[in-house]
2 protein chains.
Amino acid sequence: MEKIRILIAEDHKLIRETWTFILNTDSRFTVVASCSDSSEAVEIAAIKNPEIVLMDINMMPLNGFEATARLAIVSPETKVIGLSFYSELLFVKKMFAAGAKGYITKNSGREEMYEAILAVHSGDLYVCEEILKQGFDVHALPVMDSSNIGTLTDNSMGSLTNKEIQISQCIRQGLRSKDIAGRLSISIKTVEVHRHNILRKLQVRNSVSLVNVLNSKNGYVKYSF
Amino acid sequence: MEKIRILIAEDHKLIRETWTFILNTDSRFTVVASCSDSSEAVEIAAIKNPEIVLMDINMMPLNGFEATARLAIVSPETKVIGLSFYSELLFVKKMFAAGAKGYITKNSGREEMYEAILAVHSGDLYVCEEILKQGFDVHALPVMDSSNIGTLTDNSMGSLTNKEIQISQCIRQGLRSKDIAGRLSISIKTVEVHRHNILRKLQVRNSVSLVNVLNSKNGYVKYSF
DNA sequence: TTCCTACTAAGTGTTTACCCTTATATCTTC
DNA sequence: GAAGATATAAGGGTAAACACTTAGTAGGAA
């Protein structure tokens, strides 16, 4: 039986090396390359056409969403599985919108990683247990093909209006609704409506999480400790 | 030759399982247990007396510093190697002050993890390349033994106590006081007191500003893409 | 011992955030 | 002109954060 050819794109060396090791140890898989750089991942994929890419969403210089969308162009046969510490549905959706076929978090089990690779390789979509539990329905997503891949990769911030973006920047600075209202010369109630809409659109439940999402978009990578 | 007996304490299941796998694959090592809970790590160590503990510094309900200090009491022969995403010297120092004998980041190589285990097992102190490059001199540290272990887990970080640091990290993750109370098994009221004290000590007026201060000090890496 | 710090947790407020609905005016766009 | 999106802002509600106080316990230090 042919081994499934895998590319690992993950910026933490220890994780990248251990995953390479365990996948190569399994007779079903072979890691054809690994890299810590997302641009490199796209280049390598274009040359080696791996069947599967394990793609961390926190990478330089492109984030996982952008790298996934580009990868779909240079190597359409390659299937991407998103990998991250986050189970935030926003990231999951963004990865699928970018053309990913699977998503697992680092709270998944080792067996779950195998399952994900096998499922995606055989043409299925896959998300891990942790994300399923949040009520995410992978089959309810619009089908992603060459016609619309990448079109939704900016939908999070893109769906925020100018005012919402402006206000979210104020929130990020630690300003209260009262402060924002004063600064923008609008009613506190208006600010509150905007806040609510921002949280709803970005699917977070409080301002701290909002700021985390905003930071992750603008190039901050959040580590948890 | 006797295998080196290892306990892995790491909250991300996928990482925990892959490390268990690769260490068990190597004839020099055997993973006697692994867990995602720091209290459990202390309990297990007390029973199994592993020679080495690989301890992630981000754990619940104790952080890595506290777990390491307690471990020194219940299993003095056990040597702890700190593991984290951070090369922040503050965290490295705190871990050594808590009694750790080694520290590697997740940017270390797989071979470096082996080296660390072997070095620490043979009685040396060890820090990875990445930390060495920052000019950290492990041998310049005061010697840690039963008389002073834990005494230096103090106020280098803006005079926040261990509990306050732990709670501020929970806040950073977007958790509410209710969530934090549940996770740490303490009263919401206690969490609120800590929150209040944290804000007062760091001279900020809300959680978003707190997170900004925490991010500016450590843990966040600004990427440009 | 006494002192000090940390952790715990209660009480009692005020303020802010967040949820949901309704509504008006303006603007583009089909 | 109708439809849709945006910005505005109000009312009424719950939940959470924040402010301040008191107080018991535990442990180490003086």
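Below, read A as the first sequence line, B as the second, and so on, with proteins coming before strands; counting in each chain starts at 1.
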Point to revise | Nearest-Å distance for atom pair NZ/C1', residues A:K189 and C:dT21 | key: 11 Å
Review point. Do A:N206 and A:S209 get their side chains close enough for a donor-acceptor pair, meaning under 3.5 Å?
Key: yes
**Study point:** side chain to side chain donor-acceptor pair (under 3.5 Å) partner of A:S207, chosen from A:R195, A:R172, A:R176
**Key:** A:R195
Revision key, fill the gap. Atom CZ of A:R200 and atom P of C:dC20 are separated, to the nearest Å, by 10 Å
Check your understanding: Considering residues, nucleotides and ligands other than A:R183, do more than 12 of their heavy atoms fall under 6.0 Å from its CZ?
Key -> no
Check your understanding: Separation of B:D179 atom CG from D:dA17 atom C1', in whole Å?
Key -> 13 Å
Check your understanding: Heavy atoms under 4.0 Å, any strand shown: does A:R195 hit a base, just sugar-phosphate, or nothing?
Key -> sugar-phosphate
Exercise for review: Determine: side-chain N/O of B:H196 to OP1/OP2 of D:dA19, distance under 4.0 Å, yes or no.
Suggested key: yes
Review point. Under 4.0 Å between a side-chain N/O of B:T161 and OP1 or OP2 of C:dT5, yes or no?
Key: no
Check your understanding: Taking OP1 and OP2 of C:dT8, is either one under 4.0 Å from a side-chain nitrogen or oxygen of B:T190?
Key -> no
Practice item. Answer with base, sugar-phosphate or nothing: what part of the nucleic acid does B:L199 contact at a heavy-atom distance below 4.0 Å? Key: sugar-phosphate
Revision key, fill the gap. Of B:I188 and A:S207, the one whose nearest nucleotide on DNA chain C sits closer to the 5' end is B:I188
Review point. Taking atom types as they are modelled, is there a donor-acceptor pair under 3.5 Å from the base of C:dT5 to the side chain of B:K163?
Key: no
Check your understanding: How would you label the contact of A:S177 with the nucleic acid (heavy atoms, under 4.0 Å): base, sugar-phosphate, or nothing?
Key -> sugar-phosphate
Review point. Considering only side-chain heavy atoms of B:I186, which listed nucleotide, D:dA7, C:dC18, C:dA9, is closest?
Key: C:dA9
Review point. Does A:S75 reach the main-chain N or O of A:L71 with its side chain, forming a donor-acceptor pair under 3.5 Å?
Key: no
Revision key, fill the gap. From CZ of A:R176 across to P of C:dA17 the rounded distance in Å is 7 Å
Check your understanding: Once you round it to whole Å, what is the distance between P of C:dT16 and CG of A:N206?
Key -> 18 Å
Check your understanding: Within this structure, what is the CG-to-P distance between B:L175 and D:dA17, rounded to whole angstrom?
Key -> 10 Å
Practice item. Would you kindly compare B:I167 and B:E192 by the position of their nearest DNA chain C nucleotide and give the one closer to the 5′ end? Key: B:I167
Review point. Quick one: B:Q166 CD to C:dT8 C1', roughly how many Å, whole number?
Key: 14 Å
Point to revise | Whole-Å gap separating P (C:dT16) and CD1 (A:I171) | key: 15 Å
Check your understanding: So, B:E130 and A:K13, do they make that salt bridge, N to O below 4.0 Å?
Key -> no
Point to revise | Upstream residue (5' side of DNA chain D) when A:H194 and B:K178 are each assigned their closest nucleotide | key: A:H194
